[in-house]
Amino acid sequence: MEEVVRDTDLTSHRQPQRVQVIERAFGLLDDLVQFDGSATAGQLKEASGLAGPTVHRLLHTLMGLGVVHQLPDKRYALGANLVPLGESATRQLGGLAIPQMQSLVSELGESVNMAAMESEMVVYIAQVPSPHSMRMFTEVGRRAYMHSTGVGKAMLASMDEQRVREVLASTGMPAMTSKTLTKPQALIDQLPTISRQRYALDDEEQELGVRCLAVSIPHGPTRMGLSVSGPTARMDDSFVRHAVPLMNRTAAEIGRKLARR
């Protein structure tokens, strides 16, 4: 007897069923990100469109996994167990940008770094070194302060002032060199110019003798930036004028590539 195959069976075979509770849980995590990391249960209910009891059950489960925790003011925030997951994923994203970074090194002749914001700090996730014998080397995985790096400044310029002040208060602004900005307002006053000109400079603020030019990467899954660094003698104003449009073009290409992942 010939077996009758139902259309629903074929559909199920071609497209594996999605698990709704997982989609809803990840949706709440994404909502927390949109609220800058913390929100009330009411805000999450409104943003997700889920019923109140469903939101509370999901939050309770996520808290048990350590990916959400509750603050003293009863708001819910992203939990510590997300950090290693995020760091691992971010480093993999850096590898995807290597071809674009290699092209930029070929055009500019200086070392190119890609960095992301993690736990209020800059973390370098990819590098293509300069062909020069005298070059800048930044170890992938190294952390640095936002206020003293070009790439950190470029990312800060994409935030509102309140968020910038929170970041600077969290990490402090230690002087890495005699040229490092150590007062929040001095840095905040620079950010509108950085945003308008679409690049930031670390002018020996992280390391004496080293200048770094940086731009933000648009449309990435997290705040990211691209930087070119080298000795101050080679990184002069004419280099900056030549490099900025190339860097912004490359950053846009990387952003589009990451957005498709």
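Residue indices begin at 1 and follow the sequence shown.
Taking both residues in full, the closest heavy atoms of I194 and A154 are given as CG2-CA, 4.3 Å, listed atom of the first, atom of the second, then distance. Here the closest heavy-atom approach between residue P174 and residue T180 is recorded as O-CG2, 3.6 Å. Nearest heavy-atom pair across D202 and G150 is CB-N, 3.2 Å. Across all their heavy atoms, E120 and T171 have their closest contact at O-CG2, 3.3 Å. Scanning all heavy atoms of the two residues, the minimum distance from L201 to K153 falls at O-NZ, 3.0 Å. The nearest pair of heavy atoms linking A251 to V215 is CB-CG2, 3.8 Å.
Two residues are said to be in side-chain contact when any heavy atoms from C-beta on lie closer than 4.5 Å; L50 and L58 meet this criterion. A heavy-atom distance below 4.5 Å is found between the side chains of M224 and L258. Q190 has its side chain within reach of L181: a pair of non-hydrogen atoms, C-beta onward, lies under 4.5 Å apart. Side chains of V164 and Q162 form no contact here, defined as non-hydrogen atoms less than 4.5 Å apart. In this structure, M121 and Y145 have side chains that are in contact, with non-hydrogen atoms separated by less than 4.5 Å.
Residue-environment remark: CD (E46) stays at or below the threshold of 12 foreign heavy atoms within 6.0 Å. The number of heavy-atom neighbours closer than 6.0 Å to CZ of R75, taken from other residues, nucleotides and ligands shown, is above 12. A 6.0 Å sphere centred on CD of Q185 holds more than 12 heavy atoms belonging to other residues, nucleotides or ligands.
Atom OG1 of T149 and atom CZ of R143 lie 13.0 Å apart (nearest 0.5 Å). Distance CG/L32 to OG/S38: 7.5 Å, rounded to 0.5 Å. Atom CG in L59 sits 6.0 Å away from atom CG in L44 (nearest 0.5 Å).
Partner of V123 under the side chain to side chain contact (heavy atoms under 4.5 Å, CB included) criterion, chosen from E118, M117, R142: E118.
Side-chain contact, S148 with E205: no donor N or O sits under 3.5 Å from an acceptor N or O. There is a side-chain donor-acceptor pair under 3.5 Å between R223 and S158.
Cluster annotation: L156 is not connected to M176 through the hydrophobic network of ILVMFWY side chains, with a link wherever side-chain heavy atoms come within less than 4.5 Å. Residues I98 and V105 fall within the same hydrophobic cluster, defined by Ile, Leu, Val, Met, Phe, Trp and Tyr side chains chained together at heavy-atom separations under 4.5 Å. V67 is not connected to L71 by any chain of hydrophobic side-chain contacts under 4.5 Å among Ile, Leu, Val, Met, Phe, Trp and Tyr, and they are in different clusters. In terms of hydrophobic clustering, with Ile, Leu, Val, Met, Phe, Trp and Tyr side chains grouped at heavy-atom distances under 4.5 Å, V210 and L208 are assigned to different clusters. F26 and M63 fall within a single hydrophobic cluster, where Ile, Leu, Val, Met, Phe, Trp and Tyr are joined by side-chain heavy atoms under 4.5 Å apart, directly or via other members.
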Exercise for review: Could you give me the CA-CA distance, side-chain angles and deciding distance for K45 and D31, then say whether salt bridge (charged side-chain N to carboxylate O under 4.0 Å, His left out) is met?
Suggested key: CA-CA 10 Å; K45 174 179 178 295; D31 290 335; over 6 Å; no
Practice item. Dump the intermediate steps for salt bridge (charged side-chain N to carboxylate O under 4.0 Å, His left out) on E161 and R165, then the final yes or no. Key: CA-CA 6 Å; E161 184 175 328; R165 290 187 181 278; 3.1 Å; yes
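Looking only at distances, a side-chain donor or acceptor of E204 sits under 3.5 Å from a matching main-chain atom of G209. No donor-acceptor pair under 3.5 Å is formed between the side chain of Q127 and the backbone N or O of P129. With hydrogens and angles ignored, the 3.5 Å screen pairs no side-chain donor or acceptor of S195 with any backbone N or O of L191. No donor-acceptor pair under 3.5 Å is formed between the side chain of S170 and the backbone N or O of E166. Not a single donor-acceptor pair under 3.5 Å links the side chain of T177 to the backbone N or O of Q206. The main-chain N or O of G152 is never found under 3.5 Å from a side-chain atom of H147 such that the two would form a donor-acceptor pair. Not one N or O on the side chain of S227 forms a donor-acceptor pair closer than 3.5 Å with the backbone of V151.
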